[in-house]
2 protein chains.
Amino acid sequence: MPKDLPLLTAAPVERRDAARNRRALLDAAAELMGGCGVEALTMDALAARAGVGKGTVFRRFGSREGLMASLLDHREAEWQAGVISGPPPLGPGAPALERLHAFGASRLRLHLDQAALIEAAGRTWGENHAVLGFAELHVRLLLGELGVAGDVAYLATAIIAPLAVPVLRQQMHAGMSEQQILSGWRDFVDRLVGSE
Amino acid sequence: MPKDLPLLTAAPVERRDAARNRRALLDAAAELMGGCGVEALTMDALAARAGVGKGTVFRRFGSREGLMASLLDHREAEWQAGVISGPPPLGPGAPALERLHAFGASRLRLHLDQAALIEAAGRTWGENHAVLGFAELHVRLLLGELGVAGDVAYLATAIIAPLAVPVLRQQMHAGMSEQQILSGWRDFVDRLVGSE
DNA sequence: GGTCGAAACGGACCGCGGTCCGCTTCCATT
DNA sequence: AATGGAAGCGGACCGCGGTCCGTTTCGACC
């Protein structure tokens, strides 16, 4: 009998060399990005730095955008964990409106921090249901707790939309500070949920 | 004395061959795009089709994204004309709230029609102050007419944000129809301005 | 019409993202 | 330990966006 019953949920096991190369690639990516911006992260350079062939890089990540998405996944997972089980007010335990405010603040911060990476990831990032979908679901639930009536799904989308990177870049370009953006967003949300 | 006094507002005059090539390039672009999608619009193919060199294309438009932006400019100008001096309810003459609704409907339609082009234009499109800036200003003025208090500039941005192409694509992907999106947006806006 | 400077042209050239396919490495089984 | 086959690997190759610079064309002025 086999040692490991192949569970239905088990991901297809990764071969040793594959795992090693994955590690090497992510490390090399971090190094290259640390030196300069995302521009420095060339697929050829990455392959060379990690000591693997170019084909391996594309086998792993599918595309440059996919690689960027992988780099973003770590932070995103941390953030989601913070929402699900972290300390309030972002995590559970605070009143819904406070949690909503904390959501906006942390999401804004995340997007500003990772702006370059997010743009480099392009549609690979946003189209991942696990990303935008999670945030939208969270906001929907909070709106429900707040007793908001109407098309809650659309409202959730509309609440998240102005936190998108292109919008933020435009606002920063127009001279707004992170504080101004955040307070604008908070007023906007309050106005939306406060009209009961 | 010169026939044409060079007015201060006059753009630096375009040479004959330059104008001819510009025409040829825009026509060729339309032809190539008509056949297939935006993907078919290769800079090499465009140059060949228009019977000019590749360098000429880049001299004109700066980049592929710039070319896309140029293609969008025509429609955008028409739309802006419709807002400034077209028939109500989009143009002047209708109550502010109706104009706002009409704004959303026509803008939604425009974005859906031109989605592929807009995405291909990338940041060249959004960063043009004449585009997003105009729409935002318009919404700001309408909000002012409606007597909305608070950070009107931010609210204008937030009202426009969910009409961005990536958001729309996500919604269409989730099975929403144009009608559903529009009515969701209208409720959202009503809730925002109706809480006086 | 002739002349001259500037603007426009064109296509060879480069770097990068992405593909392809023959070769190597791993690991389950005997 | 031997072995079979599949998963993984690597780097030559391609197409496209973008640049560069010697050459051509325009048109203003004499």
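Each chain gets a letter, A, B and so on, in the order the sequences are listed, and its residues count up from 1. All values derive from a computational prediction rather than experimental measurement.
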Atom-to-atom span, [atom1] of [X] to [atom2] of [N] - whole angstrom:
X: B/D44; N: D/dC14; atom1: CG; atom2: P; value: 16 Å
X: B/R22; N: D/dC26; atom1: CZ; atom2: P; value: 18 Å
X: B/L46; N: D/dC16; atom1: CG; atom2: P; value: 13 Å
X: B/R20; N: D/dC26; atom1: CZ; atom2: P; value: 7 Å
X: A/L32; N: C/dC16; atom1: CG; atom2: C1'; value: 15 Å
X: B/K54; N: C/dC14; atom1: NZ; atom2: C1'; value: 10 Å
X: A/E39; N: D/dG18; atom1: CD; atom2: P; value: 13 Å
X: B/F58; N: C/dC9; atom1: CZ; atom2: P; value: 15 Å

Task: B/T42 side chain, from C-beta outward: closest of C/dC16, D/dC16, C/dG18 - done: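 Shortest atom-to-atom distance from the side chain points to D/dC16.
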Charged N-O contact under 4.0 Å between [X] and [Y]:
X: B/R107; Y: B/E76; result: yes
X: B/E31; Y: B/R49; result: yes
X: B/R64; Y: B/E39; result: no

Task: Sub-4.5 Å side-chain heavy-atom contact between A/W125 and A/D73 - done: yes
TODO: Between B/M43 and B/R16, just flag the one whose closest nucleotide in DNA chain D comes earlier from the 5' side.
DONE: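 Its nearest nucleotide being more 5', the pick is B/M43.
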TODO: Name the residue closer to the 5' end of DNA chain D, choosing between A/G53 and B/G55 according to the nucleotide with the nearest heavy atom.
DONE: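 Going by which nucleotide is closer to the 5' end, it is A/G53.
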Task: Closest-nucleotide 5' rank along DNA chain C - winner of B/R60 and A/R64 - done: B/R60
Does [X] make a side-chain N or O approach to OP1 or OP2 of [N] shorter than 4.0 Å?
X: B/N21; N: C/dC9; answer: yes
X: B/R59; N: C/dA8; answer: yes
X: B/T56; N: C/dA8; answer: no

Open item on the list: Keeping B/S106 on the side-chain end and B/A102 on the backbone end, is there a donor-acceptor pair under 3.5 Å?
Closed with: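 Yes, because the side chain of B/S106 sits within donor-acceptor range (under 3.5 Å) of the backbone of B/A102.
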